[in-house]
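This report concerns only the one structure given below.
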Amino acid sequence: TCALPISCHVEDKLDFSKFDKLEELHLVYSINSEDLIDSIKDLKLKKLVLSGDLMSDKENKKFINGLKQRGLKVEIKGPII
């Protein structure tokens, strides 16, 4: 298992397709619904950690709840505003 912390400013869409064995992903910053869904919908994660503000968006919340129902462990960091 390898942990690779990346902290950066993202100018374009997130693309994690190169990480074919990515098991855990932490997205602890704001991202719009379309980018969130597009960036993680095809990943085979075991754990997803998200910023609490992402749960305030109805589309994100529905998508994240669907991931939970499929067995993905989802952890929320910070307040849900």
Side-chain angles (χ1 to χ4, degrees):
T1 303
C2 176
L4 178 61
I6 300 172
S7 176
C8 62
H9 174 75
V10 178
E11 297 265 341
D12 206 357
K13 293 194 178 251
L14 296 172
D15 181 7
F16 298 107
S17 62
K18 303 288 185 205
F19 299 98
D20 59 342
K21 295 182 181 179
L22 188 62
E23 293 182 0
E24 184 172 327
L25 179 63
H26 293 231
L27 293 174
V28 188
Y29 64 94
S30 296
I31 181 174
N32 71 47
S33 296
E34 183 180 321
D35 287 343
L36 173 68
I37 293 168
D38 286 346
S39 66
I40 64 175
K41 66 182 178 186
D42 295 325
L43 298 178
K44 293 177 176 37
L45 299 171
K46 293 182 180 178
K47 182 178 179 183
L48 178 63
V49 179
L50 296 171
S51 178
D53 65 320
L54 295 174
M55 292 299 286
S56 63
D57 181 278
K58 289 180 183 180
E59 191 173 344
N60 282 349
K61 190 171 185 174
K62 181 179 176 182
F63 176 70
I64 293 163
N65 285 335
L67 294 174
K68 287 180 180 179
Q69 289 175 349
R70 285 183 260 154
L72 178 65
K73 181 178 180 184
V74 177
E75 184 179 319
I76 305 300
K77 294 280 188 182
I80 297 172
I81 51 174

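In this text the structure is predicted, and so the values were computed from the model without any measurement. Basis for what follows: all heavy atoms, side chains included, without hydrogens, waters or symmetry-related copies.
More than 12 heavy atoms of other residues, nucleotides or ligands shown are found within 6.0 angstrom of NZ on K68. For K61, the NZ atom is loosely surrounded, since the number of other residues' heavy atoms within 6.0 Å does not exceed 12.
For the atom pair CE (M55) and CG (N65), the distance works out to 5.0 Å, reported to the nearest 0.5 Å. Atom-to-atom distance recorded for L72:CG and E24:CD is 10.0 Å, nearest 0.5 angstrom.
A pairwise comparison of heavy atoms in K77 and V28 identifies CB-CG1, 4.4 Å as the closest pair. Residues S51 and I76 come closest through the heavy atom pair C-CG2, 4.4 Å. Shortest non-hydrogen contact noted between D53 and S56 is O-OG, 2.7 Å.
Hydrophobic clustering, with ILVMFWY side chains joined whenever heavy atoms are under 4.5 angstrom apart, keeps V49 apart from F63. A continuous path of Ile, Leu, Val, Met, Phe, Trp and Tyr side chains, each step under 4.5 Å between heavy atoms, connects L54 with L14, placing both in one hydrophobic cluster. Both V74 and I37 belong to a single network of hydrophobic side chains, linked directly or stepwise wherever heavy atoms of I, L, V, M, F, W or Y lie under 4.5 Å apart. Linking Ile, Leu, Val, Met, Phe, Trp and Tyr residues whenever their side-chain heavy atoms come within less than 4.5 Å places L48 and F19 in a single cluster.
Taking a cutoff of 4.0 Å between a charged side-chain nitrogen and a carboxylate oxygen, K21 and E23 do not qualify as a salt bridge.
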- Query: Step by step, would you call F16 with L45 a side-chain contact (heavy atoms from CB on, under 4.5 Å)?
  - Reply: CA-CA 11 Å; F16 298 107; L45 299 171; over 6 Å; no
- Start with the C-alpha distance between L50 and L36, add both sets of side-chain angles, then the distance that settles side-chain contact (heavy atoms from CB on, under 4.5 Å), and finish with yes or no. CA-CA 10 Å; L50 296 171; L36 173 68; 4.1 Å; yes
